[in-house]
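Remarks on the structure that follows.
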Amino acid sequence: MLVNSISDTIFNTQTALTAPGNGSAVQVAENDLFSTTSYSLLTTVASINTNVIVRLEGSIDGTDYATIINNTTYTANGTFSLNVTGIPMKFVRPVFVSESGGTAATVRFQIAAA
């Protein structure tokens with residue numbers, strides 16, 4: 001059986017968030033062009049006070065989102081990586097869920113989808 005496929009990786013770097021909220025949605029599937037099922041979320045935290053919490057959400061329709069990488073707490077500045085595989089989605093978006101100990105933290109997301 002002949003299987004035609006295209007192997008693509010999508011990379012997206014987002015503007016830093018200075019308060020909790022959703023990052024920008026990234027389309028990671030398009031019929032007959034590309035399809036992804038594995039996602040990496042790089043999170044760069046700066047000016048942290050006590051901690052920040054982040055997660056990655058996915059959507060099939062671009063409207064309704066569900067968590068695909070659970071809430072993760074960071075307690076130090078730096079760049080951190082989270083990964084998930086085997087979950088086909090059409091859109092993904094990072095979320096800066098909350099911060100504790102102040103309001104100085106900045107959070108920048110980078111997404112890779114393959």
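Sequential numbering from 1 along the given sequence is applied to the chain's residues.
- To the nearest 0.5 Å, the span separating CD1 on I53 from CG on N70 amounts to 12.0 Å.
- The backbone N or O of S98 lies less than 3.5 Å from no partner atom in the side chain of S100, so there is not a single donor-acceptor pair.
- The shortest distance between side-chain heavy atoms of V52 and F96 falls below 4.5 Å.
- Atom CG of N83 sits about 3.5 Å away from atom OG of S40, to the nearest 0.5 Å.
- Heavy-atom minimum distance, A114 versus T9: CB-OG1, 3.8 Å.
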Any chance you could lay out the side chain to side chain donor-acceptor pair (under 3.5 Å) test for T106 and S47, step after step, and finish with the verdict? CA-CA 6 Å; T106 60; S47 301; 5.2 Å; no
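- For N31, the side chain to side chain contact (heavy atoms under 4.5 Å, CB included) criterion is met by no residue, not counting sequence neighbours.
- The cluster map of Ile, Leu, Val, Met, Phe, Trp and Tyr, joined by side-chain heavy atoms under 4.5 Å apart, puts Y65 and V84 in different clusters.
- Taking OG of S81 as the start and CG of L41 as the end, the distance is 7.5 Å to the nearest 0.5 Å.
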Go through it in stages, so that I can follow the logic: the residues are T73 and N51, the test is side chain to side chain donor-acceptor pair (under 3.5 Å), and I'd like the CA-CA distance, side-chain angles, deciding distance and then a yes or no. CA-CA 7 Å; T73 303; N51 69 49; 5.5 Å; no
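- Inter-residue side-chain proximity for M89 and I68 is flagged as met; some heavy-atom pair is nearer than 4.5 Å.
- One hydrophobic cluster, built from ILVMFWY side chains closer than 4.5 Å, holds both V28 and L82.
- Listed for the E99 side chain is a donor-acceptor partner under 3.5 Å among the backbone atoms of A105.
- In this structure, T75 OG1 and I48 CD1 are separated by 6.0 Å, a value rounded to the nearest 0.5 Å.
- Transitive grouping of hydrophobic side chains (ILVMFWY, heavy atoms separated by less than 4.5 Å) brings I69 and V26 into a common cluster.
- I87 has its side chain out of reach of T37: every pair of non-hydrogen atoms, C-beta onward, lies at least 4.5 Å apart.
- You'll find the side chain of Q110 stays beyond 4.5 Å of the side chain of Q14, heavy atoms only.
- Here the side chains of R55 and V97 are in contact, with some heavy-atom distance below 4.5 Å.
- A distance-only check finds no donor-acceptor pair linking the side chain of Y39 to the backbone of G58 [under 3.5 Å].
- The closest side-chain heavy-atom distance from L42 to R108 is not below 4.5 Å.
- Taking 4.5 Å as the limit, some side-chain heavy atom of V107 sits within range of a side-chain heavy atom of T43.
- For the atom pair OG (S35) and NZ (K90), the distance works out to 11.0 Å, reported to the nearest 0.5 Å.
- F80 is linked by a ring pair (Phe, Tyr, Trp, His ring centres under 6.0 Å) to Y74, counting only residues two or more places apart in sequence or in another chain.
- Following chains of ILVMFWY side-chain contacts shorter than 4.5 Å, one can reach I60 starting from I111, so the two form part of one hydrophobic cluster.
- Between V54 and N71, every side-chain heavy-atom pair lies at or beyond the 4.5 Å cut-off.
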Kindly indicate, with the supporting measurements, whether the criterion side chain to side chain contact (heavy atoms under 4.5 Å, CB included) is fulfilled by T44 and F109. CA-CA 6 Å; T44 301; F109 296 111; over 6 Å; no
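- Without hydrogens or angle criteria, T36 side chain to S38 main chain gives no donor-acceptor distance under 3.5 Å.
- Atom CD of residue Q27 and atom CZ of residue F34 lie 5.0 Å apart, to the nearest 0.5 angstrom.
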